[in-house]
Amino acid sequence: MEKYEGNLQVKGYKVGIVLSRFNQFLSERLLEGALDALKKLGADDKDISIYKVPGSFEIPLLAKKLAKAKKVDGIVCLGVLIRGDTPHFDFLSAEVTKGLAQVALDEGIPVSFGILTVDTIEQGIERAGTKSGNKGWDAVLALAETLNLLQEAGLR
Ligand code: DLZ
């Protein structure tokens, strides 16, 4: 029986972070969590690149270009979508989610989804470093495991 499981170290991998500036007071907390996790998992500063985009809608394009340019081994996407009074939130959330899944599948590169989709600012605060942890941190863990699993299984 063959069994593969990725470990959580990231030393030697080039990691791109694509971050939305919209709702910046929360997205910067996600960035802090992601950077903290990368450092703890062994990343060198020189292997981390950060790309800031205006809003979450722009994240998939940057992720796609980064993947196509083969600049990184994996991409962490961070943003904060907060529901408002119009259906805007639903359209944005759906497109960003689909867009990022498409990048991962089309380009064959691990893309992790650290984008909050929340109904209220309070829910965002809880997920950006307080009651419910930090989803930026979680996104890095998922990326690390996927990168190492692909490597371990000879699928990179
Ligand atoms: C326009 C908009 C709105 C209403 N809400 C959010 C949000 O909650 N989170 C986010 O990341 N971005 C939002 N944006 C900006 C869009 O993502 C995008 O940047 C603009 O529509 C310009 O393309």
Side-chain angles (χ1 to χ4, degrees), residues 6 8 10 13-41 43-150:
L8 292 180
V10 291
Y13 289 115
K14 293 202 180 311
V15 175
I17 298 176
V18 184
L19 170 77
S20 159
R21 282 188 285 103
F22 211 95
N23 297 316
Q24 193 163 16
F25 71 108
L26 290 177
S27 65
E28 287 292 331
R29 301 289 85 73
L30 297 179
L31 177 61
E32 284 169 13
L35 289 174
D36 195 21
L38 283 170
K39 299 284 169 55
K40 291 214 163 57
L41 298 179
D44 287 332
D45 276 351
K46 67 169 176 47
D47 291 329
I48 303 171
S49 47
I50 302 171
Y51 302 82
K52 293 194 178 181
V53 294
S56 293
F57 188 71
E58 283 72 37
I59 294 176
L61 174 65
L62 252 289
K64 172 117 188 173
K65 292 284 185 184
L66 257 182
K68 269 213 170 308
K70 306 223 180 300
K71 277 183 176 292
V72 294
D73 299 304
I75 304 173
V76 179
C77 298
L78 304 175
V80 181
L81 285 156
I82 302 177
R83 189 182 290 281
D85 294 332
T86 69
H88 210 94
F89 169 88
D90 299 296
F91 293 120
L92 274 178
S93 305
E95 291 312 312
V96 174
T97 308
K98 266 189 282 170
L100 291 180
Q102 198 182 319
V103 172
L105 297 177
D106 289 354
E107 306 301 328
I109 183 175
V111 175
S112 74
F113 189 83
I115 299 179
L116 301 184
T117 53
V118 292
D119 289 331
T120 62
I121 290 175
E122 288 68 29
Q123 287 179 352
I125 292 169
E126 284 173 10
R127 290 159 179 76
T130 62
K131 206 164 98 182
S132 303
N134 184 308
K135 300 302 170 196
W137 170 287
D138 294 348
V140 167
L141 257 50
L143 186 83
E145 188 173 336
T146 309
L147 275 168
N148 284 298
L149 172 61
L150 292 173

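In listed order, ligands and their atoms are each counted from 1.
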Check: Ile82 main-chain N/O paired with Asp119 side-chain donor or acceptor under 3.5 Å: no
SB check Lys52 Glu28 (cutoff 4.0 Å): yes
Atom 5 (N) of ligand 1 touched by protein (heavy atom, under 4.0 Å): yes
Exercise: identify the closest heavy-atom pair between Leu100 and Ala63: CD2-CB, 4.0 Å
Atom 3 (C) of ligand 1 - nearest protein heavy atom and its distance: Phe22 CZ, 3.6 Å
Side-chain touch Val72/Val15, heavy atoms, less than 4.5 angstrom: no
Nearest heavy-atom neighbours spanning Ile59 and Leu78: CD1-O, 3.4 Å
Where ligand 1 meets His88 - atom numbers and elements under 4.0 angstrom, heavy-atom basis: 1 (C), 4 (C)
Val53 contact mode with ligand 1 (heavy-atom cut-off under 4.0 Å): neither
Partner of Tyr13 under side chain to side chain donor-acceptor pair (under 3.5 Å), chosen from Asp44, Asp73, Asp47, Asn148: Asn148
Polar side-chain atom of Ser132 near backbone of Arg127 as donor-acceptor pair, under 3.5 Å: no
Element-labelled atoms of ligand 1 that are located less than 4.0 Å from some non-hydrogen atom of Gly55: 11 (O), 12 (N), 17 (O), 19 (O)
Contacting atoms of ligand 1, where contact means under 4.0 angstrom from a heavy atom of Ile82: 8 (O)
Ser20 heavy atom under 4.0 Å from ligand 1: yes
Ser20 side chain vs Gly79 backbone, donor-acceptor pair below 3.5 Å: no
Option with minimal heavy-atom separation from atom 11 (O) of ligand 1, where the choices are Pro54, Ser56, Ser27: Ser56
Closest approach of any protein heavy atom to atom 9 (N) of ligand 1, naming residue and atom: Val80 O, 2.8 Å
For Asn23, atoms of ligand 1 separated by under 4.0 Å from a heavy atom: 7 (C), 8 (O), 9 (N)
Nitrogen or oxygen atoms of Phe57 and ligand 1 under 3.5 Å apart: yes
Identity and separation of the nearest protein heavy atom to atom 20 (C) of ligand 1: Glu58 OE2, 4.2 Å
